[in-house]
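Worksheet for the structure shown next.
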Number of protein chains: 2
Amino acid sequence: MIESPHPSQPRPVDAAVEAILDELRADGGRITSGRRAIVRSLLSADDHHVTADELASRVQVDHPDVNRSTVYRTLDALEAMGVLSRISLGTGGAVYHLADHAHHHLVCTRCRSVVEVQPGLLGPVMDQLEAQTGFSLDRPHVVISGLCASCRPGKPS
Amino acid sequence: MIESPHPSQPRPVDAAVEAILDELRADGGRITSGRRAIVRSLLSADDHHVTADELASRVQVDHPDVNRSTVYRTLDALEAMGVLSRISLGTGGAVYHLADHAHHHLVCTRCRSVVEVQPGLLGPVMDQLEAQTGFSLDRPHVVISGLCASCRPGKPS
DNA sequence: GTTCCTGTTGCAACCCTATTGCACTAACGT
DNA sequence: ACGTTAGTGCAATAGGGTTGCAACAGGAAC
């Protein structure tokens with residue numbers, strides 16, 4: 001990993017990592033190299049939805065000494081702080097994404113890909129559901145399953 | 001279990017059990033006492049959402065020799081035939097309900113109670129989602145999580 | 001009624017995701 | 001530098017479900 005030649009212009013990812021770590025510290029938590037690596041990996045993930053296991057594997061490339069249970073515990077801590085959301089996709093592992101990136105989820109039951117849906121679309125219906133049932137809906141965690149365009153019957157492979 | 005004194009007027013549950021078993025037979029399957037017990041228990045469940053484990057326990061009261069894996073395999077078979085739907089509630093076990101009883105689900109993340117929502121309400125939004133994303137949504141399996149009225153913060157216990 | 005083919009079952013072992021108890025380590029306020 | 005205490009690695013455990021295999025049993029054909 002080559003560091004930027006312009007330390008006075010930190011990469012946005014680095015700034016975001018430190019911002020989250022600061023939250024963690026402000027919450028009475030401690031900053032360890034493992035946690036820094038986990039947060040960095042979380043932020044630099046291309047797809048915004050990572051499972052705990054994927055994250056552990058990625059982190060362990062550079063930090064083989066970071067245990068899977070540490071990843072789980074760190075994710076728990078970050079979720080408890082509201083920094084990220086844990087989305088349970090039904091089958092298989094849960095996925096995590098940053099909480100500031102709010103949306104609903106469509107997940108393909110065959111290829112397990114996740115498509116994000118703007119929260120606006122479901123808003124009015126959710127309001128109506130809440131009024132009818134007295135539920136307080138968990139809007140960032142809404143998951144609707146189905147078959148994505150490529151997995152629909154009639155499509156090749 | 002006392003049988004009806006009027007065998008010419010079978011109880012509705014019995015008729016429904018045999019109807020499902022007939023489907024199973026028509027599909028090339030065989031009818032066993034275990035399967036009959038499982039289907040009967042499924043149909044006489046008061047709440048329409050049973051987990052595989054609950055079902056196994058109920059069946060084993062009268063049929064202790066019916067194994068858990070048999071329950072899973074029978075439920076799989078019935079689901080494959082479209083007789084029932086398996087709903088994955090996120091955390092904890094999946095629940096099953098009859099497919100002819102279509103609805104969406106709100107599930108409380110605290111007490112795990114399930115409230116049914118008429119399919120009509122979400123229909124238009126689902127159409128829109130499908131058009132936008134190319135997904136073919138799994139309408140009977142829609143689950144939205146949240147806190148039910150009794151578990152909302154500020155309520156007693 | 002018997003036979004035979006094949007679907008079904010019980011059992012135990014296993015998989016996957018996640019959690020936990022415990023002894024040890026290390027962050028960070030002082 | 002030190003002490004407190006949060007965080008960590010490790011191994012064991014839990015929950016929910018699946019699977020390989022040998023034995024068993026529907027039920028169509030005779």
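In this structure, the ring of His103(A) has its center less than 6.0 angstrom from the ring center of His49(A).
Mapped onto DNA chain D by nearest heavy atom, Pro64(A) and Gly29(B) fall at different nucleotides, with Pro64(A) at the one closer to the 5' end. Taking for each of Arg35(B) and Ser69(B) the nucleotide of DNA chain C with the nearest heavy atom, the 5'-most of the two is the partner of Arg35(B).
A straight line from CZ of Arg30(A) to C1' of dT30(C) spans 13 Å, rounded to a whole angstrom. One atom, CG of Leu89(A), and another, C1' of dT17(C), lie 13 Å apart when rounded to the nearest Å. Spacing between atom CD of Glu79(A) and atom C1' of dT19(C) amounts to 14 Å, rounded to whole angstrom units. Protein atom CG of Leu78(B) is 13 Å distant from nucleotide atom C1' of dT8(C), rounded to whole Å. In this structure, the CG atom of Asp65(A) is 10 Å from the P atom of dA26(C), given to the nearest Å. The distance between atom CG of Asn67(B) and atom P of dT18(D), rounded to the nearest whole Å, is 14 Å. Whole-Å rounding puts the Asp76(A) CG to dA6(D) C1' distance at 15 Å. We find that CD1 of Ile31(B) is positioned 15 Å from C1' of dT6(C), with the value rounded to whole Å.
Contacts of Gly34(A) with the nucleic acid, taken as non-hydrogen atoms under 4.0 Å apart, are absent. Contacts of Ala77(A) with the nucleic acid, taken as non-hydrogen atoms under 4.0 Å apart, are absent.
Closest approach to the Arg86(B) side chain among dT18(D), dA18(C), dT8(D) is made by dT18(D) (side chain taken as heavy atoms from C-beta onward). Side-chain atoms of Arg73(B) lie closest to dT9(C) of the nucleotides dG7(D), dA18(C), dT9(C).
Within the 3.5 Å criterion, the main-chain N or O of Asn67(A) finds no donor-acceptor partner in the side chain of Gln60(A). Panel note: side chain Arg112(B), backbone Thr91(B); a donor-acceptor pair is recorded below 3.5 Å.
At the phosphate of dC28(C), OP1 or OP2 sits under 4.0 Å from a side-chain N or O atom of Arg25(A). For Thr70(A) and dG7(D), the shortest distance from a side-chain N or O to OP1 or OP2 is not below 4.0 Å. In terms of phosphate contacts, Arg68(B) brings no side-chain nitrogen or oxygen within less than 4.0 Å of OP1 or OP2 of dA12(C). Taking only side-chain nitrogens and oxygens, Tyr72(A) never comes nearer than 4.0 Å to OP1 or OP2 of dT19(C).
Classification of Arg139(B) and Glu130(B) as a salt-bridged pair holds, one side-chain N sitting under 4.0 Å from a carboxylate O. Salt bridge Arg25(B)/Asp22(B): present, at least one basic N to carboxylate O contact under 4.0 Å.
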